[in-house]
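Starting off with a structure, shown below.
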Amino acid sequence: MRALALLPLLLGVSARAEAPLDDLLQRLGEAEERKLAIPACRTVESSVTEELDKEGKVKGRLTRSYEVTRSGTTVIARKLLSQKEEGDLTSQLKADPKDPPKNEDDKARLSPFHPRARADYRFDSTPGPSEGLVTVKFTPLKSDKKRMKGQAVVDARAGKMMTLRVSPSEMPPMLDELQLDFLAYTETPCERQPTQMKITGSGGVLFYKLRFRTEATVTGHQKVDGPGTATSAH
């Protein structure tokens, strides 16, 4: 009987404990909506990709940069600005980036925090890694090679993403490992965007294994009204 009498109080405590996460998810979702509401954004994406041998030594290196225009989650234009090859690189690493088809359903490319995607994920949060920050972990309710699992470090007071780590919830064929770290976010004319990234991966079949890592930066953000115009830069 005493436990029954305490039930409303316990339920109230539980509801209050969950409210901060619900509020944080809503604010992160609103930030995603603001980014995707921009007609288009043009950036310069510069990257260094290295192929590694089984001891972790660099076999070859590819340095290149692109001017990229995105509308929402879709790449509408990509222009190669520079490219330099060094050493021995596997053809897969030298291939041009493969952008998703323009007519593909973009839901799988949405951030887990976007309101249209949030119902497909399970979220949990813990304080830290330091004062004022919260770590939010997320996992899709159904594993899918296009849907990511991972964790975000968020400024709880400002409701802003600080860092993000993701990997496929179901690894695509030929890949044993793939991890993407968004190491820095910056306020830009295209809202708050990731500007520094690191990708590591490995895969292959039988005795052939490919190991690689990529570090990338995104700069020069411009709001774009159409494929050939820009309104502001950062």
Side-chain angles (χ1 to χ4, degrees), residues 25-47 49 66-79 92 95-123 136-154 160-175 177-186 188-201 203 212 214-218 221-224 226-227:
L25 293 177
Q26 181 176 341
R27 294 163 72 191
L28 292 172
E30 290 170 352
E32 292 298 324
E33 288 183 304
R34 288 194 299 272
K35 284 195 294 186
L36 298 188
I38 296 170
C41 183
R42 181 179 299 142
T43 60
V44 174
E45 299 182 3
S46 304
S47 64
T49 296
Y66 288 90
E67 180 185 85
V68 182
T69 305
R70 283 185 172 82
S71 178
T73 61
T74 302
V75 174
I76 58 177
R78 180 184 291 274
K79 176 183 177 183
Q92 292 100 312
D96 289 332
K98 188 176 180 182
D99 299 314
K102 293 181 174 62
N103 59 351
E104 182 183 81
D105 179 10
D106 71 345
K107 189 176 181 183
R109 287 181 271 141
L110 292 173
S111 162
F113 301 103
H114 192 283
R116 283 209 291 130
R118 209 157 56 217
D120 296 337
Y121 289 82
R122 181 184 300 108
F123 296 90
V136 181
K137 296 183 179 181
F138 52 89
T139 309
L141 300 179
K142 183 178 179 181
S143 295
D144 185 324
K145 62 184 179 182
K146 292 185 178 181
R147 286 178 170 81
M148 298 290 180
K149 63 181 180 179
Q151 64 180 41
V153 175
V154 181
K160 292 182 177 181
M161 191 81 67
M162 304 301 290
T163 64
L164 177 67
R165 168 173 288 183
V166 298
S167 59
S169 57
E170 181 180 298
M171 205 60 66
M174 306 289 288
L175 274 177
E177 176 193 6
L178 181 64
Q179 181 173 295
L180 294 81
D181 285 288
F182 298 84
L183 303 172
Y185 282 74
T186 304
T188 78
C190 303
E191 298 291 334
R192 187 173 178 83
Q193 297 279 358
T195 53
Q196 185 181 354
M197 288 149 282
K198 183 177 181 179
I199 304 169
T200 56
F212 67 93
T214 297
E215 294 189 5
T217 58
V218 184
H221 295 74
Q222 299 174 301
K223 277 188 179 180
V224 178

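These numbers come from the heavy atoms of this one structure, side chains and all, not from hydrogens, waters or symmetry mates.
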Margin query: Between E45 and R78, is there a side-chain heavy-atom distance shorter than 4.5 Å?
Written below: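 The answer is yes, as the side chains (C-beta and beyond) meet within the 4.5 Å cut-off.
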Item checked: Atom pair NZ (K223) and OG1 (T188), whose distance is rounded to the nearest 0.5 Å ->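 If we round to the nearest 0.5 Å, K223:NZ and T188:OG1 are 9.0 Å apart.
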Item checked: Nearest heavy atoms of R109 and T73, plus distance in Å ->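 In this case the closest contact between R109 and T73 is NH1-O, 2.7 Å.
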Checklist line | Interatomic spacing from CG in L178 to CE in M171 - rounded to 0.5 Å | finding: 6.5 Å
Next item on the list: Pick out which of Q179, E177, M148 makes a side-chain contact (heavy atoms from CB on, under 4.5 Å) with P168.
Entry: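 That would be M148.
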Next item on the list: Taking only Lys NZ, Arg NE, NH1 and NH2, and the carboxylate oxygens of Asp or Glu, determine whether K35 and E32 approach each other closer than 4.0 Å.
Entry: yes
Check: How far apart are the closest heavy atoms of P112 and F123, and which atoms are they?
Finding: O-CZ, 3.4 Å
Check: Does some side-chain heavy atom of K149 sit less than 4.5 Å from a side-chain heavy atom of P140?
Finding: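 The answer is yes; the side chains approach within 4.5 Å.
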Checklist line | Nearest-0.5 Å distance that lies between atom CG in D120 and atom CG in L110 | finding: 9.5 Å
Item checked: Distance in Å, L164 CG paired with M197 CE, rounded so as to fall on 0.5 Å steps ->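 Those atoms lie 11.0 Å apart.
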Next item on the list: Heavy atoms only: give me the nearest P194-Y185 pair and the separation to one decimal.
Entry: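 Residues P194 and Y185, closest heavy atoms: N-CD2, 3.5 Å.
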Item checked: Neighbour count >12 (heavy atoms, 6.0 Å) for atom CZ, R118 ->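 Enclosed.
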Checklist line | Residues that K145 engages under salt bridge (charged side-chain N to carboxylate O under 4.0 Å, His left out), provided they are two or more places apart | finding: none
Margin query: I need the E215 CD to T49 OG1 distance, nearest 0.5 Å.
Written below: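 So the gap between those two atoms works out to 10.0 Å.
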Margin query: I'd like to check Q92 versus F212 (side-chain heavy atoms, cut-off strictly below 4.5 Å). Are they in contact?
Written below: no
Notebook entry, point to check: Is any side-chain heavy atom of H221 less than 4.5 Å from a side-chain heavy atom of C41?
Noted result: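 H221 reaches C41 side chain to side chain.
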Check: Any side-chain heavy-atom pair from Q193 and T186 closer than 4.5 angstrom?
Finding: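 Q193 vs T186: side chains apart.
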Margin query: Main chain of V224, side chain of R42: is a donor-acceptor contact present, judged purely on distance under 3.5 Å?
Written below: no
Margin query: The test is side-chain contact (heavy atoms from CB on, under 4.5 Å); show your working for L36 and H114 and say whether it passes.
Written below: CA-CA 10 Å; L36 298 188; H114 192 283; 3.7 Å; yes
Notebook entry, point to check: Do L183 and T163 come close enough that some side-chain heavy atom pair is under 4.5 Å?
Noted result: no
Check: Is it true that a side-chain atom of S111 and a backbone atom of F113 form a donor plus acceptor pair closer than 3.5 Å?
Finding: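 Present.
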Check: Do you know the tightest heavy-atom contact between S47 and T214?
Finding: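 Nearest heavy atoms, S47 then T214: CB-CG2, 4.0 Å.
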Margin query: Does any part of the side chain of V153, heavy atoms only, come nearer than 4.5 Å to the side chain of R165, both counted from C-beta?
Written below: no
Next item on the list: State the OH-CG distance between Y121 and L25, to the nearest 0.5 angstrom.
Entry: 13.0 Å
